[in-house]
Amino acid sequence: MNTKIADQHKDFFDAVFQVVRLIPRGRVTSYGAIGAYLGAKRSARMVGWAMNASHRQEIPVPAHRVVNSSGMLTGKFHFETLTAMEEHLAAEGIEVKNDKVVNFKALFWNPTIELE
DNA sequence: CACATGACTGACT
DNA sequence: AAGTCAGCCATGT
């Protein structure tokens, strides 16, 4: 995809959600990576803020594939249950240990590179 | 309008 | 290596 989804950052939310939905099954990314792709790498918090509204989107957003820069499941507390995030990841073949994605570096999916 | 908070990150101790 | 601090910016009180 050549055109950056965030070209019109007027829809920052949709942009974030779209990128998250583009994450391949069995892969994960970070808030900062998404922010960087959207041209707001200085605002990883805004990505998290957008994700906070993801659960109320009509189209499901695989928020479980988004973790922090350390691969830790920092957003697990915002899911229906405390283990939902880990369950979803496990269902995709992603191993979670101590709230962290195992082999995170290898499973990391960088939208700026993958979507260039 | 000012202060506190947050699904973050990188640098520093 | 693990904990702390300071930027970051939109939202809520």
Side-chain angles (χ1 to χ4, degrees):
Chain A
M1 194 178 280
N2 298 347
T3 304
K4 286 193 175 184
I5 298 175
D7 214 21
Q8 322 172 35
H9 47 75
K10 58 183 180 181
D11 286 13
F12 186 78
F13 278 51
D14 287 340
V16 173
F17 300 148
Q18 276 218 59
V19 174
V20 175
R21 295 192 195 105
L22 289 175
I23 301 173
R25 184 176 177 282
R27 295 290 201 124
V28 294
T29 193
S30 71
Y31 305 90
I34 296 173
Y37 176 69
L38 298 178
K41 71 176 186 178
R42 302 288 182 184
S43 311
R45 291 189 125 113
M46 298 307 99
V47 178
W49 159 61
M51 296 308 297
N52 205 343
S54 67
H55 77 93
R56 52 179 296 164
Q57 296 305 307
E58 293 187 18
I59 305 176
V61 177
H64 57 276
R65 294 183 183 145
V66 184
V67 297
N68 72 354
S69 62
S70 301
M72 192 163 76
L73 311 187
T74 52
K76 62 181 292 186
F77 299 105
H78 292 258
F79 280 74
E80 300 179 353
T81 68
L82 227 46
T83 56
M85 191 171 189
E86 184 176 334
E87 295 277 328
H88 290 306
L89 291 173
E92 299 184 354
I94 300 176
E95 191 177 354
V96 177
K97 189 81 172 183
N98 194 19
D99 292 347
K100 288 172 297 188
V101 175
V102 177
N103 205 12
F104 168 66
K105 190 175 181 180
L107 296 176
F108 182 74
W109 182 82
N110 190 332
T112 304
I113 297 176
E114 304 294 340
L115 298 179
E116 74 177 333

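So you know, we letter chains A, B, ... as the sequences are listed, proteins then strands, and number each from 1.
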Heavy atoms only, 4.0 Å cut-off, all strands: where does [X] land among base, sugar-phosphate and nothing?
X      : result
S30(A) : sugar-phosphate
F79(A) : base
A50(A) : nothing

Do NZ/NE/NH1/NH2 and the carboxylate oxygens of E92(A) and R65(A) come within less than 4.0 Å? yes

Using 30° and 60° as the class boundaries, would you call the ring planes of H64(A) and F79(A) parallel, tilted or perpendicular? perpendicular

Expressed as a whole number of angstroms, how long is the span from N52(A):CG to dG12(C):P? 10 Å

M46(A) CE to dG12(C) P, straight-line distance once rounded to whole Å: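 Those two atoms, CE and P, are 12 Å apart.
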
Taking only the P atom of each, what is the distance from dC5(C) to dA4(B) in whole angstrom? 16 Å

Between dC8(B) and dA1(C), how many Å separate the two P atoms, rounded to a whole number?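 Roughly 23 Å separates the two P atoms.
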
Determine whether more than 12 heavy atoms belonging to other residues, nucleotides or ligands lie under 6.0 Å from atom CD of Q57(A). yes

When the ring centroid of W49(A) is compared with that of F13(A), is the distance short of 6.0 Å?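 Between F13(A) and W49(A), which both carry aromatic rings, the centre distance is below 6.0 Å.
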
Applying a strict under-4.5 Å side-chain criterion to I, L, V, M, F, W and Y, I'd like to know whether W109(A) and V101(A) cluster together. no

If you walk 5' to 3' along DNA chain B, what is the first nucleotide with an atom under 4.0 Å of a heavy atom in chain A, and what is the last?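 Footprint of chain A along DNA chain B, 5' to 3': dG6(B) to dG10(B).
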
Assigned partner base of dC12(B), Watson-Crick or wobble definition, under 3.5 Å: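 Paired with dG3(C).
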
Is there a side-chain contact (heavy atoms from CB on, under 4.5 Å) between V102(A) and V96(A) once you walk through the steps? CA-CA 6 Å; V102(A) 177; V96(A) 177; 6.0 Å; no

Counting distance alone, no hydrogens or angles: does the base of dC8(C) have a donor or acceptor under 3.5 Å from a partner atom on the side chain of R45(A)? yes

